[in-house]
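Below is one structure, written out as C-alpha cells; comments come after it.
Side-chain atoms are counted along with the backbone in the values below, which use heavy atoms only and exclude waters and symmetry mates. Numbered from 1 within each chain, the chains take letters A, B, ... in sequence-line order.
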Amino acid sequence: MEELQLTPEQEAEVARQLDVIRRGVAEIVPESELVEKLRHSVATGTPLRVKLGMDPTAADIHLGHTVVLHKVRQLQDLGHRAHLVIGNFTGRIGDPTDKSETRKQLSEDEVQRNAQTYVTQVYKILDPNKTDIVYNADWLGPLNFADVIRLASTLTVARMLEREDFTKRFRENRPIHIHEFFYPLMQAYDSVHLHTDIELGGTDQKFNLLMGRTLQKEFGMPMQIAIMMPLLEGLDGVHKMSKSLGNYIGVDESPNDMFGKMMSIPDDLMFKYYELLSFRRTDEIEAMRSAVASGQTNPRDVKMALAEELVNRFLGPQAVKDAVAHWHQVFQSGAIPEDIEEVQVPAEPVWIVKLLVDCGLAASNSEARRSIGEGAVRINGEKVKDVDLNFTPADGDVLQRGKRQFKRLRLQ
RNA sequence: GGAGGGGUACCAAAGUGGCCAAAUGGAGCGGACUGUAAAUCCGUUGCGGAAUGCUUCGUAGGUUCGAAUCCUACCCCCUCCA
C-alpha cells in the first residue's frame, strides 16, 4: 500500500476508529496493517469488508456468540460493511474440536431452518442496512476436485498441525480425519472469495482466521486482519459460555430468566460483561467501575443496569419492566410472587411429605422429609415443623420450598 | 489379531474382605449473612410413612458368617503393538 497523506481530521478519525475497535478485543493480528487499512478507508471513503462466519449447527445463539456480533456492530457503526457468512457448506463438516471428532451431518432442511433463526436473532445486534448475508455453499459447492486439490496444495501437513487442536490429537494418537483439514481451508477460502479486509472470531478461531491470510496471500490479494474476541465466561464465571455446560444465557429466553441469570453472575465478572456486551461508552463503564470500587455505588445496581440493557435489547422495554418487577418482588423482598404455577390437588387431608412430592417440589419422600427437617417448607408463609403433618388444602394455598420454589394449590 | 489398563453415586475421583449408603472436590438443594440467585460460612444430597428396613460400586453368576473389594463368564471404554 502506498504512503497516504491524511488531513489532521482524517488522522483523528483513524485514531478514533482504532480506539473503538480495540475495546475488549483479545488480539488484533497484525495491528499495524489494520491501521493501514483504516487510513486507506478513511482517505478514500471506502468501507472495509468485515467477515463473520457462523455455522448453522445449533438453532439458538447465546450471549457468548453476541460478543463477536457486537464487535461487528461497532465496525458497522464506524461505517464499515459486514458479510455474515452462513456456513451452510462448512457446517456440514463441522469445525473440528476435540469434543466431537465426528460431527453429525446436518440435513439441508436443518441448515436452512437454523440459518433462519440466526438471521432474526443476529439483527438484534447488527445493522441490517450494512449487513450482507451470504451462504458459502454458493461458492464452495461449485468447486470441483481439481479446484480443491489446488487449494490443498498450498498448504502442508506440518502447517496444519500447527493448529493446537490437531497437534494435541496427533500427539495423543487420536484420529484426525483428512476432511477435517479442509475446514480451515474452506473458511479461508470464504475470505478469498469475499475479499475480506477484517475477519472476526473468538480466540479459539485464531488458526482459522490466520489461514485466511495465508490463502489470500497465495491468491495474490491483500491479507485480512484477524480480530479475536475473548471467550465470554458463563454464569459460573469459570468456563466459557456454552450450551452444553448449561451456563449460558440465550438471547431468546424469557425476560425473567434472562434478567435473573444476569443478576446471578459473580460480581467479578460484571465488568467483563459490560466491556463485551454493553453498548455503553468506555468512559461510562470506567466511571461505574470506579464508583463501585470506591463503594459509592452498590454493585447490585450496576449489575441491574446491565441486565436491563440486555433484556431491553433482546426482548424489548416491556420485558424489562416485567422482569424488574418480578425480580424485586421475588428475590429482593422475599414476598410470594404473583404468578405461581398451579397444581391440582384433591380436597382431602394429605400427608405433607406426599404433597411436596406430588407438587413436584421434591423428587422423593426422603428429599421432602429432609427439606422439612431443614426448615425449608412453608405453607402460606408458615414454616412446617412436623414431618408427619396431615394437612387439608384450601383453594389458593401456597406451598413453598426454600426461597424460590412455589406452587399454588387448586382444589380439584 | 496380540499385550496391558479401566468401568464406583449427578460429574470427577478415593476405597482392594467387616469400621462402606461408600472419603474428598465440583455441581445441586437448604440455612445464615449480605447487596441479589454474587462472595463467604454451615448443613444436606440412594430409596423408604423410618424399621437392628430395602436396593446400589459395568452385567450375570459363584466363594464367604460377611463382597465395591476375592473367583468365573460376559458387555463396554482406553492405551500400546500389528
Side-chain angles (χ1 to χ4, degrees), chain A residues 98-99 101-102 168-175 233-249 253-274 288-289 291-308 310-311 320 323-337 348-379 381 383-391 399-407:
Chain A
D98 46 5
K99 259 179 258 166
E101 282 152 18
T102 12
K168 204 170 147 212
R169 276 156 63 185
F170 190 67
R171 210 185 320 119
E172 293 170 5
N173 293 300
R174 283 186 290 144
E233 285 94 342
L235 302 173
D236 49 35
V238 179
H239 303 290
K240 81 165 187 176
M241 186 175 282
S242 87
K243 202 157 197 176
S244 51
L245 290 174
N247 62 352
Y248 69 102
I249 304 177
E253 298 205 38
S254 78
N256 289 347
D257 280 350
M258 189 184 287
F259 194 87
K261 282 183 178 182
M262 279 306 301
M263 291 307 288
S264 78
I265 62 170
D267 284 5
D268 292 345
L269 206 57
M270 182 165 76
F271 285 107
K272 179 150 194 193
Y273 271 46
Y274 257 111
M288 286 192 283
R289 195 197 295 270
V292 167
S294 69
Q296 275 179 296
T297 308
N298 187 329
R300 182 203 50 198
D301 298 331
V302 175
K303 203 188 282 182
M304 199 179 265
L306 179 62
E308 286 176 21
L310 294 175
V311 172
V320 174
V324 169
H326 179 265
W327 189 83
H328 271 115
Q329 189 175 25
V330 178
F331 302 119
Q332 214 163 33
S333 65
I336 295 172
E348 53 196 43
V350 263
W351 179 36
I352 182 67
V353 167
K354 193 166 182 316
L355 184 65
L356 283 164
V357 173
D358 289 347
C359 292
L361 287 176
S364 67
N365 286 10
S366 296
E367 191 178 306
R369 271 171 191 283
R370 249 180 260 128
S371 278
I372 295 169
E374 289 167 341
V377 175
R378 290 164 189 272
I379 296 170
K383 194 178 283 187
V384 173
K385 293 179 183 138
D386 182 9
V387 179
D388 296 318
L389 174 73
N390 272 292
F391 161 73
L399 188 63
Q400 172 182 2
R401 178 185 175 197
K403 281 177 186 156
R404 57 192 116 92
Q405 299 183 70
F406 300 92
K407 297 284 175 178

message: Just so I know, are the side chains of A/Leu399 and A/Ile352 near enough to count as touching, which here means a heavy-atom distance under 4.5 Å?
response: yes
Can you check the [X] [atom1] to [N] [atom2] distance for me, whole Å?
X	N	atom1	atom2	result
A/Arg370	B/G43	CZ	C1'	12 Å
A/Asp388	B/G48	CG	P	15 Å
A/Glu308	B/U36	CD	P	16 Å
A/Ile265	B/A37	CD1	P	15 Å
A/His326	B/U36	NE2	C1'	14 Å
A/Tyr273	B/U36	OH	P	21 Å
A/Lys261	B/U36	NZ	C1'	17 Å
A/Gln405	B/C29	CD	C1'	8 Å

Do [X] side-chain and [N] base share a donor-acceptor contact under 3.5 Å?
X	N	value
A/Asp301	B/G35	no
A/Arg369	B/A50	yes
A/Glu374	B/G31	no

Please measure how far the [atom1] atom in [N] lies from the corresponding atom in [M], and state the result in whole Å.
N	M	atom1	answer
B/G66	B/G30	C1'	37 Å
B/A82	B/U16	P	37 Å
B/C57	B/A68	C1'	4 Å
B/A67	B/U56	C1'	13 Å
B/G62	B/A13	C1'	30 Å
B/A38	B/G48	C1'	38 Å
B/U8	B/G58	P	6 Å
B/G61	B/U24	C1'	34 Å

query: When we call it a touch if two heavy atoms are under 4.0 Å apart, what does A/Pro299 touch: a base, just sugar-phosphate, or nothing?
result: base
Holding to side chain to side chain contact (heavy atoms under 4.5 Å, CB included), I want the full list of residues that pass it with [X], two or more places apart in sequence or in another chain.
X	value
A/Val387	A/Val353, A/Arg369, A/Ile372
A/Ala307	A/Phe259, A/Met262, A/Met263
A/Asp257	A/Glu253, A/Ser254

message: Using OP1 and OP2 only, check whether a side-chain N or O of A/Arg300 sits under 4.0 Å from B/U36.
response: yes
field: Non-neighbouring partners of A/Lys272 that pass side chain to side chain donor-acceptor pair (under 3.5 Å), sequence neighbours left out
entry: A/Glu233
task: With sequence neighbours left out, write down each residue that passes side chain to side chain donor-acceptor pair (under 3.5 Å) with A/Asp267, or none if nothing qualifies.
output: A/Lys303
Return the pairing partner of [N] with a 3.5 Å limit on both distances, Watson-Crick or G-U wobble; otherwise return none.
N	value
B/A21	none
B/A14	none
B/G4	B/C78
B/A38	none
B/G43	B/C29
B/A67	none

A/Arg401 or A/Ser264, whichever maps to the more 5' nucleotide of RNA chain B: A/Arg401
statement: RNA chain B nearest-nucleotide lookup for A/Leu389 and A/Lys303: closer to the 5′ end is A/Lys303
task: Taking salt bridge (Lys or Arg N to Asp or Glu O under 4.0 Å) as the test, write out the residues that go with A/Lys354, two or more places apart.
output: A/Asp358
task: Quick one: list whatever passes salt bridge (Lys or Arg N to Asp or Glu O under 4.0 Å) with A/Glu367, sequence neighbours left out.
output: A/Arg401
statement: Nearest heavy-atom approach of A/Pro255 to A/Ala323 is O-CB, 3.6 Å
query: Minimum heavy-atom separation for A/Asn365 to A/Trp351, with atom names?
result: ND2-CZ3, 3.8 Å
- line: Ordered by number, residues from residues 352-367 of chain A within less than 4.0 Å of RNA chain B (heavy atoms) are A/Ser364, A/Asn365, A/Ser366
Taking only N/O atoms, report every protein-nucleotides 32-34 of chain B pair under 3.5 Å with atom names and distance.
none

query: With no hydrogens and no angle check, is any side-chain donor or acceptor of A/Tyr274 less than 3.5 Å from a backbone partner on A/Val302?
result: yes
- prompt: What's the verdict on side chain to side chain contact (heavy atoms under 4.5 Å, CB included) for A/Phe391 and A/Val384, showing C-alpha distance, side-chain angles and the deciding distance?
  reply: CA-CA 10 Å; A/Phe391 161 73; A/Val384 173; over 6 Å; no
